Amino acid sequence: MTTPTYSPGLEGVIAGETTICTVEGGLSYRGYSVGDLAENCSFDEVAFLLLHGELPIAAQLKQFHTRVAAARRLPPPLKELFAALPKWTTPLDALRTAVSSLGHFDQDAADNSHDANLRKAERLLAQIPVAIADNYRLAKGQPEVPARQDLSHAANFLYMLRGVEASPAEVKAMDVSLILYAEHEFNASTFAARVIVSTLSDLHSGITGAIGALKGPLHGGANEKVMDILLAAGGPEKAEEWTRAALARKDRIMGFGHRVYKTGDVRAGILKKYARSAAEANPAREGGGDPLKWEETADIIERVMATEKNMFPNLDWPAGRLYHAMKLEIPLYTPIFAMSRITGWAAHVIEQLDNNRLIRPRALYKGPAARAVKPLGERG
Ligand code: CMC
């Protein structure tokens, strides 16, 4: 047996093969660069691409939309479960519970065939935004807003959340953020999903685990922490001093740095202009401050991070600001990430199960040398 190499955090390790996405030469999904997709496609088209392998023709997109829109509803017991959750339950934790529970109600739950997995993936794509919006409104004591079948994924979500249709500019900005969040190769949550289903578990279990992995602030949870950073920095006047002091304390500035991208994340550049436009469209408001002030603060932090740490923003940096400018509450930001990444997760689950081999790496043992057990009375 050859001596295995060890890389902490599996950095640089090739842990599998995929046809879904690559970060080599700029991020692309099934051969299309994310910039091209963000400019020329809707999230719904990108969801089809990730799940079905090719961009849809018009008739395929229409059928896909019809199937997904028809599945925008939850089993009634799930709403009772939401009502029973402790009031401190975060929207992401409620979503994790919802996806796990939805497995009980899905007739295909235990069927790991390619076609059954696609059916389940499309249903979860439809159900996740409904679960986020219903749970959110319930927690606020507001009546639920039934899903609309005529709206896109992004537009329907904003409609269900607010009870009024979003502007075309808001829908476009949300759509672009969803396209950029949709897929990212062997990131922690996707890898977690692949590990789970590699035991021949099922899609709902894999996605439930993926949501748990997404939650952490080093991964998807970072988009919620971005606003904490900006609020702590306090505004353009104090931002430079605050950032230097935070770096001196060795604090992590959430929304910066990346395991793979060391010279910048192309997705952050694409979304930045949407965050700025949303801030311009939403002037100062009570309680949440002035979105333009946070854009200026962000620019200063970016400059200091580049000069002091040679570190650049990742996608969560503009996404957190965009959602804040759109007046969405901070605890919804990571659930929104999940509402998009369900496509990438499901595509990977399907790819794994279509050609499965158990994922079971080794550990480098650093514990005590071999020793004999002493009888209880002789220990200590
Ligand atoms: N701010 C300040 N210092 C940082 C940051 C940061 N955001 N990120 C890394 N460092 C420092 C870190 O403290 C360490 O310093 P030292 O060598 O002195 O101990 C060094 O850089 C290497 O850090 P690492 O954690 O070993 O690097 P990594 O490649 O494992 O980290 C990362 C990747 C994303 C976990 C990290 O950059 C980070 O914690 N960023 C902030 C959280 C964040 O924005 N996460 C979102 C990631 S991208 C999209 C997504 O998945 O949601």
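Please read these numbers as outputs of a predicted model, since none were measured by experiment. Order of listing sets the numbers, starting from 1, for every ligand and every atom in it.
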Discussion item. I'd like to know if Arg119 and Asp108 make a salt bridge, using a cut-off of under 4.0 Å between side-chain N and carboxylate O.
Written reply: yes
Which pairs of N or O atoms, one from ligand 1 and one from the protein, are separated by less than 3.5 Å, and what is the distance for each pair?
| from | atom 1 | to | atom 2 | distance (Å) |
| --- | --- | --- | --- | --- |
| ligand 1 | 1 (N) | Ile253 | N | 2.9 |
| ligand 1 | 7 (N) | Ile253 | O | 2.8 |
| ligand 1 | 7 (N) | Phe256 | O | 2.9 |
| ligand 1 | 25 (O) | Arg252 | NH1 | 2.8 |
| ligand 1 | 25 (O) | Arg252 | NH2 | 2.9 |
| ligand 1 | 29 (O) | Arg259 | NE | 3.1 |
| ligand 1 | 29 (O) | Lys262 | NZ | 3.2 |
| ligand 1 | 30 (O) | Arg259 | NE | 3.2 |
| ligand 1 | 30 (O) | Arg259 | NH2 | 3.0 |
| ligand 1 | 39 (O) | Arg252 | NH1 | 2.7 |
| ligand 1 | 40 (N) | Phe256 | O | 2.9 |
| ligand 1 | 44 (O) | Gly255 | N | 2.8 |
| ligand 1 | 44 (O) | Asn314 | ND2 | 2.9 |
| ligand 1 | 45 (N) | Leu218 | O | 3.0 |
| ligand 1 | 51 (O) | His219 | ND1 | 2.7 |
| ligand 1 | 52 (O) | His219 | O | 2.9 |
| ligand 1 | 52 (O) | Asp316 | OD2 | 2.7 |

Discussion item. Once you measure the plane-to-plane angle for Phe337 and Tyr181, does it fall in the parallel (<30°), tilted (30-60°) or perpendicular (>60°) bin?
Written reply: parallel
Discussion item. Any salt bridge linking Glu183 with Arg30? Criterion: basic side-chain nitrogen under 4.0 Å from a carboxylate oxygen.
Written reply: no
Item to complete: Could you list who else is in Leu364's hydrophobic cluster, with ILVMFWY side chains joined at under 4.5 Å, directly or through other members?
Response: Tyr6
Item to complete: State whether the side chain of Asn314 and the backbone N or O of Asp265 hold a donor-acceptor pair below 3.5 Å, judged by distance alone.
Response: no
Worksheet item: Do Ser33 and Asp36 meet the criterion of a side-chain donor-acceptor pair at a distance under 3.5 Å?
Response: no
